[in-house]
Amino acid sequence: MSLKKLVLPLIKSYKHYELYFLQRSLSKIWHLTRYQIPFFFRNKFFFRKELWQYNNFDYIPSLMLFKRSLIDLRTSNAYYSEIHVHGDLILNQMNRVIEILNYFCEDQFKELAEKN
């Protein structure tokens with residue numbers, strides 16, 4: 001085979017590569033502006049209290065972030081619970097985890113032990 005026969009299809013397909021690269025770049029820009037930037041601002045607003053209290057030396061704000069994300073997940077799963085077979089079971093387990101995280105965040109173990 002000659003070198004010309006090997007290189008000529010590559011040169012012809014280079015134009016297709018440019019179009020593919022342009023389309024891919026435009027779709028990435030669209031995805032960034034349509035989805036990622038609005039989700040960034042939504043999350044910043046949604047977690048504003050937890051982000052304000054966050055310290056890298058304390059575990060409580062991390063638990064508060066986790067609890068807040070579970071609250072958001074619970075509301076979205078409550079909306080789609082009829083799709084899942086065990087939707088109510090999952091929501092009850094999420095509620096229990098959120099309750100336990102509340103005990104950790106607010107340090108209510110002493111009151112809970114005295115109540116029982």
Side-chain angles (χ1 to χ4, degrees):
M1 285 191 147
S2 68
L3 186 62
K4 194 174 191 180
K5 287 183 180 180
L6 291 173
V7 173
L8 192 60
L10 294 175
I11 292 172
K12 287 181 181 178
S13 68
Y14 183 72
K15 193 161 207 133
H16 296 292
Y17 176 74
E18 284 180 347
L19 290 174
Y20 170 73
F21 182 73
L22 179 67
Q23 180 183 6
R24 187 170 176 217
S25 300
L26 289 176
S27 69
K28 283 185 177 183
I29 291 170
W30 168 254
H31 184 73
L32 177 75
T33 56
R34 173 64 180 94
Y35 298 107
Q36 298 298 326
I37 292 175
F39 283 152
F40 169 74
F41 287 114
R42 179 207 173 268
N43 287 337
K44 195 170 182 178
F45 181 76
F46 188 74
F47 293 108
R48 65 189 181 277
K49 179 181 175 188
E50 290 79 12
L51 288 173
W52 184 260
Q53 295 176 351
Y54 182 76
N55 294 316
N56 60 351
F57 55 83
D58 194 9
Y59 69 94
I60 297 294
S62 299
L63 292 177
M64 290 172 62
L65 276 168
F66 181 58
K67 181 182 81 167
R68 186 71 173 155
S69 64
L70 278 179
I71 289 171
D72 191 32
L73 184 64
R74 179 186 62 187
T75 56
S76 65
N77 275 355
Y79 182 70
Y80 295 110
S81 65
E82 63 271 0
I83 297 172
H84 300 295
V85 177
H86 304 290
D88 295 334
L89 179 66
I90 292 171
L91 288 176
N92 290 338
Q93 290 173 348
M94 276 189 199
N95 287 335
R96 182 64 182 151
V97 169
I98 290 170
E99 182 182 347
I100 290 170
L101 285 174
N102 228 6
Y103 292 146
F104 273 105
C105 293
E106 297 174 6
D107 201 21
Q108 296 177 344
F109 291 110
K110 192 173 189 180
E111 293 86 10
L112 186 66
E114 289 173 355
K115 187 173 74 172
N116 292 333

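- Of the inter-residue distances, the one linking Arg48 atom CZ with Arg68 atom CZ reads 7.0 Å to the nearest 0.5 angstrom.
- When all heavy atoms of Leu70 and Met94 are compared, the pair lying nearest together is O-SD, 4.3 Å.
- Atoms CD and CG, on Glu106 and Leu101 in that order, are 11.0 Å from each other to the nearest 0.5 Å.
- Tyr103 and Ile60 fall within the same hydrophobic cluster, where Ile, Leu, Val, Met, Phe, Trp and Tyr residues are linked whenever their side-chain heavy atoms come under 4.5 Å apart, directly or through other members.
- The number of heavy-atom neighbours closer than 6.0 Å to CZ of Phe104, taken from other residues, nucleotides and ligands shown, is 12 or below.
- Across every non-hydrogen atom of Thr75 and Asp72, the tightest pair is OG1-O, 2.7 Å.
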Where do Glu50 and Tyr54 land on the side chain to side chain donor-acceptor pair (under 3.5 Å) test, with the steps shown first?
CA-CA 6 Å; Glu50 290 79 12; Tyr54 182 76; over 6 Å; no
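- Residues Ile71 and Leu65 fall into different hydrophobic clusters, defined by Ile, Leu, Val, Met, Phe, Trp and Tyr side chains chained together at heavy-atom separations under 4.5 Å.
- Under the 4.5 Å side-chain contact rule for hydrophobic residues, Phe41 and Leu51 do not share a cluster.
- With values rounded to the nearest 0.5 angstrom, Asn92 atom CG is found 11.5 Å from Arg96 atom CZ.
- Hydrophobic clustering (ILVMFWY, side-chain heavy atoms < 4.5 Å, transitive): Ile98 and Tyr59 are in one cluster.
- For the pair Arg42 and Phe39, the cation-pi test (distance below 6.0 Å, angle within 45°) is failed.
- A heavy-atom distance below 4.5 Å is found between the side chains of Phe47 and Ser69.
- Across all their heavy atoms, Met64 and Cys105 have their closest contact at CG-SG, 3.4 Å.
- Expressed to the nearest 0.5 Å, how far CG of Leu63 lies from CG of Asp58 amounts to 9.0 Å.
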